[in-house]
2 protein chains.
Amino acid sequence: MLEDEKVEKLKKLATLIRYYSLAVTTEAGSGHPTSSLSATELMTGLLFGGMFRYDSDFPEHPNNDRLIFSKGHASPLFYALWTAAGALTEEELMTYRRFGSPLEGHPTVTFRYAEAATGSLGQGLAIGVGMALNAKYLDKLPYRTYVLLGDSEMAEGSQWESMEIAAHYGLDHLVGILDVNRLGQRGETMYGHDLDAYQRRISAFGWETILIDGHSFPEVLGAYGKALHTSGRPTMIIARTIKGKGVSFLEDKNGWHGKPLKKDELQKALRELGEVDRSASGQIPKPDDLKPQLAPPREAAKVHYPPDKPLATRMAYGKALVRILPRFPTIVSLDGEVSNSTGAEQFKEAYPGRFFEMYIAEQNMVGAALGLSRRGKIPFASTFAAFMSRAFDQIRMSQYSDANIKFVGSHAGVSIGQDGPSQMGLEDIAMFRAILGSVVLYPSDAVSTDYLVEEAARHTGMVYIRTTRMDTPIIYDANEVFAIGGSKVPRKSDRDVATVVAAGVTLHEALKAYEELRKLDILIRVIDLYSIKPLDEATLREAASATKLIITVEDHYPEGGIGEAVRSALADVPVPVHSLAVRGKPKSGKPEELLDYEEISGNAIVRKVKDLL
Amino acid sequence: MLEDEKVEKLKKLATLIRYYSLAVTTEAGSGHPTSSLSATELMTGLLFGGMFRYDSDFPEHPNNDRLIFSKGHASPLFYALWTAAGALTEEELMTYRRFGSPLEGHPTVTFRYAEAATGSLGQGLAIGVGMALNAKYLDKLPYRTYVLLGDSEMAEGSQWESMEIAAHYGLDHLVGILDVNRLGQRGETMYGHDLDAYQRRISAFGWETILIDGHSFPEVLGAYGKALHTSGRPTMIIARTIKGKGVSFLEDKNGWHGKPLKKDELQKALRELGEVDRSASGQIPKPDDLKPQLAPPREAAKVHYPPDKPLATRMAYGKALVRILPRFPTIVSLDGEVSNSTGAEQFKEAYPGRFFEMYIAEQNMVGAALGLSRRGKIPFASTFAAFMSRAFDQIRMSQYSDANIKFVGSHAGVSIGQDGPSQMGLEDIAMFRAILGSVVLYPSDAVSTDYLVEEAARHTGMVYIRTTRMDTPIIYDANEVFAIGGSKVPRKSDRDVATVVAAGVTLHEALKAYEELRKLDILIRVIDLYSIKPLDEATLREAASATKLIITVEDHYPEGGIGEAVRSALADVPVPVHSLAVRGKPKSGKPEELLDYEEISGNAIVRKVKDLL
């Protein structure tokens, strides 16, 4: 096709796509038409300009190019594009934002062409980093990853985490498209239409930058062409655009963010658009039919932990990951610059090609893990439990992308000791429990850790594994079985007067308390609730019924932790559930001093049982 | 003093401070000596070079310069400095990291010279932004804010949020000192000793940059002198340093992060340091005795909400903030570029000088709020409830700084409707409940919102207020009283067969259910649990005892929310607590469709009550 003809065809498509963006939001009565109009040429040029390769009959094709709308509120444009591509009917398009429609207000993976759920700003680039890491280092495929970014969201620190890591890993098949339409939700952005301000920052972060008029197809196509040839660094296309472009009374006007046109306004707008050719359609060329070379799963080695050698569960985690890789060859490990503390270093040493150092940038680490997960990998993302909180929004959003991510948080609780509260994960269980369908595991020794890391890899979904800093004794036999949703009852008799429910570090305290109380001829049942979510309701109910008294003990704040999980499981059982948890202001000290101070030690359990009897 | 003499004196002090950093960590058996040694000249030069102004007998002096150790793991250096200043005895210093000592592993405000708790990396600069905003725009005092930064933590996105906002607000009295010692916890940082890499990025973000050898006192003093004269933009001193500087076997060596010397190693190290003059001491000049001009508290206006005009609680929030400012003249409002949605825009319009647009950068917003809080202000920080999750680590850390911050999260729950899950706050209650001593409020109408915003301002501590997107009817009289820890019982009889505990949007659903059930002659008690933490245990217990059945209803995930809060309050009461909460994958739809789909609507409550009877 001649260049001019091509541009004319794209213009026609752009008019159709503008029409869709406007019509669909008016129909829905909500949505973001003006944020869609600003990026119309940018996206029309990408999808239908001949450079984007995608088999729309086979979205899972491993060599498809990837497109992520980080500015998820431009969803009208997103769906309009796929309609123009013939992948959606107009009728389907018009279900936008209706209950039950896959075309949600912001894209989720219910829509088959969405690579991930977006709409919480500042996250798309990290997802793109994960997909581009996958292309370059794992699948070794030539596909490209494109991310449409809003200018407002560039204020998010997460973007700059992704920026630095993308440059660090030389992700030359990652292309950002920055839609600088000047206006945020409530007024001008920090830099308005100052494209140079973006250019300076982005190129200082090691990216190739291309400045264009985002409404000129020749410039748009030229930029994508140039990006195809950038080597060794990612590319950012920085486009000057007009919010509401194409409709005079919307163009560059404040007060129109997230606001659909009324019916009469729509008619007025459509008159301005000119002729809309609803039979126009765009073609997307298919990608080369390349597939990654996958290692077949093999038998994993066994592990043996000598029963007399205490070991920190965080170290057992790293060892387990190394052990199970042959069985789960799609595992990758990401760590936030603390791999010597989380145990991930062992995996890095064994499989350097499957380990990504993500530095102290947890938001990007989790976003990238999501990108890897969406490309079929099983990412294990590790840092201190406390620092997982930095990525809570990314964790929260992952649940809407059907993520298959394993989060591993070390240094949980006051039992870390002298480093003090800044390093203590004391709200991580609450955080991960509050994710739909999540699994929360908290093993107490190396044997159970090893087993549960493998279970986590086998399970499809979001799993959090909490590990302990200090060495803990081996309490389980090598042939014990652990299951998601299971529990262990290491101490049990038919004379138990109370049940102590513990996990991780407090299980060892409960076992100490058992020994002390036994000397007084007081027998308690001890439950190892290593699977905090889902939890083993049957065992808890049986214990409640048998012992008439439940005491939970956890190295975590009382809210949202083990105590509340157990209470929820036993909500209709008329047995009191007492909770020992971290209630005093945490501070520095020796682990044992702190366990005593917080009244979650063996001594505290003994006292509590005696008090309650 | 002559320049040479001054440098000699500083060198002597630096030797003493190095000695302290090494000795105190060996004594404690843990800590980060090498990260302290790299910044010794930088900090000795700052505190004792004559430019830093501080009255160490009066840390609260409003015109003291402020020093924040963002790299909180350099706490040995921090405490050593104050010992060299005569503010701590050697004996006190040697309590470092012991249980009960104010000298915690990472600084907390238990130590009187710590401006805030640090140690979770990437947060100090934001706190500095808050303090510098206070100096320039609120207190209008000439004090300067200095922040010591580690090179590893520059990977955190939060830093770049602070960077851009500091430049945006022209915070020329904010000085960052970047200790580029090349080594992170487990190896080299992303940029190693490439100072230019930092310089390019930081100056692109609008800062003045000064590159120095961080171990040369003339260069260090020169840099601070230059920073004193920078106008209109903040300054970053980028210093090339050596981790472990001063001890040959530690210098620039990997594997020494967070590792104290053994006793014999310490002796060897001390021999290298040379003569230590333990009688040396540093002087810090006092600041000019300037105070801010404070507006005296005045009577706040009353508000009247016509009972027939529904209003969104988010809008009532903004109105309340405007109303109470005269009574609480230290209030400031910060918002994450959504003030037209959170209601904060009303405050911005009424008091533009006390409103700070923080753009879409929530981590910095919360850090800055902490800085403002530490300087005596009452910051109200608002964004969508969902996006509060982006700042969870900053929120978590604020509890260790005795913060007096009010967080206001709008757009809570599935009841926001069509925008879909990315915009729905469904884990915010869990997040804020898991903060030690926090208050969590969730008003249901404009009247209670107005009252509770004032209560939040009156309360010293961290308060979270959850608001609703949609308009809700006015259900309370203007003369009703609401209290932190209180509740209301809008429906009650002596024939109640069940109690429905609701808050916010679900209270209105509970009231609808009441009407439906009453038609069937089924009476239920309805509790408005507007104070979710602390909660009104007495009223809940009374209801449990009277009605023998509790049903909680919340527009939030089941974990860590209202259901679990109520279960914890009633843990020893043998009455079942059923929970209606968001259990299905949230999606786009009309609010009423979604409340039904999640079974938290009036209809669902009616069904649940009937099922259980």
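Atom set for the values below is all heavy atoms of this structure, side chains included, hydrogens, waters and symmetry mates excluded. Within every chain, numbering begins at 1; the chains are lettered A, B, ... in the order of the sequence lines, protein sequences first and strands thereafter.
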Engaged part of [X] at the chain B interface, taking heavy atoms whose separation is under 4.5 Å:
{"X": "A:His106", "answer": "both"}
{"X": "A:Tyr191", "answer": "side chain"}
{"X": "A:Ser30", "answer": "side chain"}
{"X": "A:Met154", "answer": "backbone"}
{"X": "A:Val575", "answer": "backbone"}
{"X": "A:Met424", "answer": "backbone"}
{"X": "A:His32", "answer": "side chain"}
{"X": "A:Ala117", "answer": "neither"}
{"X": "A:Leu426", "answer": "side chain"}
{"X": "A:Gln399", "answer": "both"}

>> So, using side chain to side chain contact (heavy atoms under 4.5 Å, CB included) as the criterion, who are the partners of B:Val338 when residues are at least two apart?
In response: A:Gln185, B:Asp335, B:Ser341, B:Thr342, B:Thr383, B:Phe384
Under a 4.5 Å cutoff for heavy-atom pairs, which residue among [options] has the most contacts with chain B?
{"options": "A:Tyr96, A:Phe205, A:Trp160", "answer": "A:Phe205"}
{"options": "A:His578, A:Arg98, A:Glu357, A:Gln394", "answer": "A:Glu357"}
{"options": "A:Gly336, A:Gly184, A:Gly258", "answer": "A:Gly184"}
{"options": "A:Lys533, A:Glu345, A:Glu153", "answer": "A:Lys533"}
{"options": "A:Ala28, A:Ala571, A:Gly119", "answer": "A:Ala571"}
{"options": "A:Gly187, A:Ser162, A:Ser101, A:Ala204", "answer": "A:Ala204"}

Separation between [atom1] of [X] and [atom2] of [Y], rounded to the nearest 0.5 Å:
{"X": "B:Glu104", "Y": "A:Ser422", "atom1": "CD", "atom2": "OG", "result": "9.0 Å"}
{"X": "B:Phe392", "Y": "A:Phe392", "atom1": "CZ", "atom2": "CZ", "result": "6.0 Å"}
{"X": "B:Phe387", "Y": "A:Arg396", "atom1": "CZ", "atom2": "CZ", "result": "6.5 Å"}
{"X": "A:Met190", "Y": "B:Met358", "atom1": "CE", "atom2": "CE", "result": "9.0 Å"}
{"X": "B:Glu362", "Y": "A:Glu156", "atom1": "CD", "atom2": "CD", "result": "4.5 Å"}
{"X": "A:Thr189", "Y": "B:Tyr359", "atom1": "OG1", "atom2": "OH", "result": "7.5 Å"}

Just by distance, do the side chain of [X] and the backbone of [Y] share a donor-acceptor pair under 3.5 Å?
{"X": "A:Glu161", "Y": "B:Gly157", "value": "yes"}
{"X": "A:Glu427", "Y": "B:Met431", "value": "no"}
{"X": "B:Arg200", "Y": "A:Arg200", "value": "no"}
{"X": "B:Glu564", "Y": "A:Gly560", "value": "no"}
{"X": "A:Glu337", "Y": "B:Arg186", "value": "yes"}

At a heavy-atom distance under 4.5 Å, which candidate from [options] has the highest pair count against chain A?
{"options": "B:Pro558, B:Ala386, B:Ser339, B:Gly29", "result": "B:Ala386"}
{"options": "B:Ala361, B:Ala565, B:Ser120", "result": "B:Ser120"}
{"options": "B:Ala391, B:Gly561, B:Gly420, B:Ser152", "result": "B:Ser152"}
{"options": "B:Ser389, B:Pro576, B:Gly100", "result": "B:Ser389"}
{"options": "B:Gly105, B:Ala430, B:Ser568", "result": "B:Ser568"}
{"options": "B:Ser203, B:Gly122, B:Pro574", "result": "B:Pro574"}

> A:Thr108 and B:Pro421: which non-hydrogen atoms are nearest, and at how many Å?
Replying inline: CG2-CG, 4.1 Å
>> Is B:Thr118 close to chain A through its backbone or its side chain, or both, or neither, when contacts mean heavy atoms under 4.5 Å?
In response: backbone
Side-chain contact, heavy-atom cut-off 4.5 Å: [X] with [Y]?
{"X": "B:Ser158", "Y": "A:Gln363", "value": "no"}
{"X": "B:Asp393", "Y": "A:Met388", "value": "no"}
{"X": "A:Glu559", "Y": "B:Ile435", "value": "no"}

> Is any residue of residues 582-589 of chain B within less than 4.5 Å of chain A by heavy atoms, and which ones?
Replying inline: B:Val582, B:Arg583, B:Gly584, B:Lys585, B:Pro586, B:Lys587, B:Ser588, B:Gly589
> Can you list the residues that meet the salt bridge (Lys or Arg N to Asp or Glu O under 4.0 Å) rule with A:Arg567, with sequence neighbours excluded?
Replying inline: none
> By side chain to side chain donor-acceptor pair (under 3.5 Å), which residues pair with A:Asp572, not counting sequence neighbours?
Replying inline: A:Arg541
> Charged N to carboxylate O under 4.0 angstrom, B:Glu164 versus A:Arg201?
Replying inline: no
>> For B:Tyr597 and A:Phe99, take the angle between the two ring planes, folded into 0 to 90°, and tell me which bin it lands in: parallel under 30, tilted 30 to 60, perpendicular over 60.
In response: perpendicular
